[in-house]
Protein chains: 4
Amino acid sequence: MSSTAVRPLRADAARNRALVVDAARRLFAERGLDVTLHDVAEAAGVGVGTVYRRFPDKDALLGGLVADKFETLLALADRAAALPTGREALREYLLGAMALRAGDRSLSTAVLRAAPQTAEALELRARLREVVTAVVERARAEGALREGFAADDVQVVTSMIGSIADRSRAEAPDAWRRYGLLVTDAVCPPAGGLPPLVGEPLPPPTSVDCGSPRA
Amino acid sequence: MSSTAVRPLRADAARNRALVVDAARRLFAERGLDVTLHDVAEAAGVGVGTVYRRFPDKDALLGGLVADKFETLLALADRAAALPTGREALREYLLGAMALRAGDRSLSTAVLRAAPQTAEALELRARLREVVTAVVERARAEGALREGFAADDVQVVTSMIGSIADRSRAEAPDAWRRYGLLVTDAVCPPAGGLPPLVGEPLPPPTSVDCGSPRA
Amino acid sequence: MSSTAVRPLRADAARNRALVVDAARRLFAERGLDVTLHDVAEAAGVGVGTVYRRFPDKDALLGGLVADKFETLLALADRAAALPTGREALREYLLGAMALRAGDRSLSTAVLRAAPQTAEALELRARLREVVTAVVERARAEGALREGFAADDVQVVTSMIGSIADRSRAEAPDAWRRYGLLVTDAVCPPAGGLPPLVGEPLPPPTSVDCGSPRA
Amino acid sequence: MSSTAVRPLRADAARNRALVVDAARRLFAERGLDVTLHDVAEAAGVGVGTVYRRFPDKDALLGGLVADKFETLLALADRAAALPTGREALREYLLGAMALRAGDRSLSTAVLRAAPQTAEALELRARLREVVTAVVERARAEGALREGFAADDVQVVTSMIGSIADRSRAEAPDAWRRYGLLVTDAVCPPAGGLPPLVGEPLPPPTSVDCGSPRA
DNA sequence: CATGAATGAGCGTTCATTCAT
DNA sequence: AATGAATGAACGCTCATTCAT
């Protein structure tokens, strides 16, 4: 059992690794994927070499963040699955996943091109998918689901809302909720009929439409 | 009226500008935002310097593409507005705008950061907004609109769908329609009740979610 | 005929290209192949980008120098071939090639790993080889050649002497001649019998032996 | 004698030094001078810090290898000196030294820039020189030596052949012998007259000539 | 005006060397 | 004394932008 256990990092190394990950998460969340590793290193207060010591390249760093994200989503899904009805569970998960996604730009802009093919990330993803599928099927069984909606659609609609959040994060970090609810209601309407939309429309930004601005 | 009229470009200058815009549109649509201006210049058959003479920087060039887009959208809106019911008109416009947006990667990924404060673009936008508002209000008057939905929400939901299209354009250029209809139905349900979703879910790409991949 | 003719470089471009080539030749000759292209650019008084505009990468620059070298060697071989006897011709070429090689470190240290597969260089090399083969065969016909020596051995012995020259260039730029003559005499002895070696031995440098020090 | 004796290293320190030297010799011989000190440390089973404790920098480590080499050469020279004639002895030593040199890339390519001013190395070198001088003088006395050839020329011609070996080690590790014999014959011809050259010419590598390729 | 040559900061990455543990 | 984490200058190379021709 001790053979595969990685030796724990030295105290200073662990601290620096955490600094790097924190800085990376923050910068990627704020500015998307075109932050440089020099930026990350500087924000973490370490040298570039230190970043490269922990992560073989930029994608590995991004991939590392992704694994964290999966863990958070899995915890969310487990909490949601514990709710009494499928409807509540699905709405809880959808809105929760959207909120997570809305809070972190890095995981959207382009990040995961080839990135996180780590065994860890893949396994977490598989487990997450199981839980989400169960939740979706419960909602379907209750007749609470838009006909034809599938478990794999969950990540798509989440992503969609994420792109809105990326646009408005700076001025109105919660503006995405108006659209998150619109879509959640479309997938799985609330028990008591559709309420009016919350909040205000996102004003036309600068142009007819726009994905996620960078830098 | 003559006071705002900029002096018309000389014939060859205008032709060059058009060459640049055409080339830029094509390249950005094909290859996303990381084409170099040398690529654009070469594709346009002009020197880089010529591109810079017409557009102060890369962003301005991207912005320049927007004006064209507005014209197309305006034509679409006019056609939609001619339909007999507000419901039909709004659904036509929404799905049409989504389709336009889905067909052009350049205008999504990161494009319009500061973008198109040209007088031309602003005026087109204003006119477009008027037509869309009229369409939305007709739908509202018919009771065909989700309560609280506003004209300014149109560009937001269009953009949302665009981000999905960006993700899947390469493998399944029409995959966005499944979600475009989901959202359109949420905004303005079809007359005969909700049909099942069309198509198949977009498979999870590499990760939990992802905005618009680049390059 | 004009279609394949490359358009002549603009005056400034040609001047800068020449500056780059001159600087590169000088630096490579002095310091071997580990000069950086920043060094070359600085020595040439241009920006790095300019170097990269003319030569796609470092190897291309090295390759360019190689073509020049072949031309010089070819001229030498033609001159040597015009001498009355094969013995004189071969000795002239050997000592001349050694001298050229001794004067330029760049073409030795490691340069031509993969480098000069340009059509130009290959053709020059082929022509050079023909002329050298003719010279070698004339010497063989005269009985002036060490038995078994082949035309392809010429470049090897030249290279050998070059490595000596690299060692002593700084202190005694002509010290290679002692060994160049030793080897030339071994390949093709002078008409009147072996004279004593010229010059003095290269003193043991720092160590038992040493190829070509770098930097 | 005790005054120059440095305090002996502690047993473990001495063992570590030996581990480092062994690993360095092996890696440099295999892969040339661009192995990193991390590679050396890892191969030695110690930390990089330990390497630096024993050798102030990379050059010093390379220099450290030289002392070993001198010991081997000294043993070779002693064996050669025991042969009955000066001619045999000199040829034995020359070809043996060339073979040693040909077998180890590390000691050639660039290695000994500032190298081995250790007392140990200097003393070994001095003793080696004495033995070699004696061998050379015996050959001279027998009339077996090219006129003017000096003991200090031995290391030069050895080095020369080494540079050839570096070029061909990968494909034909014994190709140097053709040239080693050519040079040995030029310095000290065999008793029965010059035989034809052995082997085949080294084919022109990629270019007219080339010292010691790296990596 | 159009051209494309020139620029140089900045990219991701490496590695000799230092120093806290 | 030994370790290996940390450092940061430097590498080859790119490309948005400027400016001489």
Side-chain angles (χ1 to χ4, degrees), chain A residues 7 9-17 19-20 34-42 44-59 61, chain B residues 9-10 12-13 16 20 34-42 45-59 61, chain C residues 7 9-17 19-20 34-42 44-59 61, chain D residues 9-13 16 20 34-42 45-61:
Chain A
R7 185 212 314 227
L9 290 171
R10 244 167 55 179
D12 55 345
R15 193 196 58 236
N16 277 337
R17 187 185 203 285
L19 287 173
V20 168
D34 53 357
V35 303
T36 73
L37 291 202
H38 275 92
D39 291 339
V40 172
E42 190 176 8
V46 303
V48 256
T50 302
V51 178
Y52 277 93
R53 162 171 287 275
R54 299 290 161 221
F55 302 96
D57 60 17
K58 199 178 179 181
D59 278 352
L61 175 53
Chain B
L9 291 169
R10 265 176 34 190
D12 56 345
N16 277 340
V20 168
D34 52 359
V35 301
T36 72
L37 290 200
H38 272 93
D39 292 338
V40 172
E42 189 177 10
V46 303
V48 253
T50 304
V51 178
Y52 275 92
R53 167 164 298 277
R54 298 289 158 230
F55 302 96
D57 61 17
K58 201 177 183 180
D59 280 353
L61 172 55
Chain C
R7 183 214 316 228
L9 289 171
R10 242 167 57 179
D12 55 346
R15 193 196 59 233
N16 276 338
R17 187 185 202 285
L19 287 173
V20 167
D34 52 359
V35 303
T36 73
L37 290 203
H38 272 93
D39 291 339
V40 172
E42 190 176 7
V46 303
V48 254
T50 302
V51 179
Y52 278 95
R53 162 172 287 276
R54 298 289 160 223
F55 302 96
D57 60 17
K58 200 178 179 179
D59 279 351
L61 175 52
Chain D
L9 291 170
R10 267 175 33 187
D12 55 345
N16 276 341
V20 168
D34 54 357
V35 301
T36 73
L37 290 201
H38 272 95
D39 292 339
V40 172
E42 189 177 10
V46 303
V48 251
T50 304
V51 178
Y52 275 92
R53 168 166 297 275
R54 297 291 157 228
F55 303 97
D57 61 17
K58 201 177 183 180
D59 280 353
L61 172 55

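All chains are named by letter (A, B, ...) in the order of the sequence lines, taking the proteins before the strands, and each is independently numbered beginning at 1. These numbers come from the heavy atoms of this one structure, side chains and all, not from hydrogens, waters or symmetry mates.
Spacing between atom CD of C:Glu42 and atom P of F:dA10 amounts to 12 Å, rounded to whole angstrom units. The nearest whole Å value for the distance from the CG atom in B:Asp39 to the P atom in F:dT14 is 12 Å. Atom P of nucleotide F:dT18 and atom NZ of B:Lys58 are separated by 15 Å, given to the nearest angstrom. The NE2 atom of A:His38 sits 11 Å away from the P atom of E:dG10 (whole-angstrom rounding). One interatomic measurement links the two molecules: CZ of B:Phe55 to P of F:dA16, which rounds to 16 Å at whole-angstrom precision. When the P atom of F:dA6 is taken as reference, atom CZ of A:Arg17 falls 11 Å away, rounded to whole Å. D:Arg53 places its CZ atom 5 Å from the C1' atom of F:dA1, with the value rounded to the nearest Å. Atom CG in D:Leu37 sits about 17 Å away from atom P in E:dT14, given to the nearest Å.
Sequence order on DNA chain F of the closest nucleotides to A:Gly49 and B:Val35 puts A:Gly49 first from the 5' end. Each of C:Gly45 and B:Val46 lies near DNA chain E, and the nucleotide nearest B:Val46 is the one positioned closer to the 5' end. Nearer to the 5' terminus of DNA chain E, by closest-nucleotide assignment, is the contact made by C:Arg15 (compared with the other of C:Arg15 and D:Pro56). Nearest-nucleotide positions on DNA chain F place D:Val48 closer to the 5' end than the other of C:Tyr52 and D:Val48.
A:Asp39 places a side-chain N or O within donor-acceptor distance of the main-chain N or O of A:Thr36, the cut-off being under 3.5 Å. Put simply, the side chain of C:Lys58 never gets that close to the backbone of C:Asp34: no donor and acceptor are under 3.5 Å apart.
A:Thr36 comes within contact range of the sugar-phosphate backbone alone, with a heavy-atom separation under 4.0 Å but no base atom that close.
A heavy-atom distance below 4.5 Å is found between the side chains of B:Leu37 and B:Leu61. Within the 4.5 Å cutoff, the side chain of B:Phe55 has heavy atoms near those of the B:Val20 side chain.
A sub-4.0 Å separation between OP1 or OP2 of E:dA6 and a side-chain N or O of C:Arg54 is present. Taking side-chain N and O atoms only, D:Thr50 has a distance below 4.0 Å to OP1 or OP2 of F:dT3. Residue B:Asn16 has no polar side-chain atom (N or O) positioned under 4.0 Å from OP1 or OP2 of E:dC1.
Listed here is the closest heavy atom pair of C:Val51 and C:Ala41: CG2-CB, 3.8 Å.
The base-pairing partner of E:dG10, taking Watson-Crick or G-U wobble contacts with both distances under 3.5 Å, is F:dC13. Pair check for F:dA20 finds E:dT3; Watson-Crick or G-U wobble, both atom distances under 3.5 Å.
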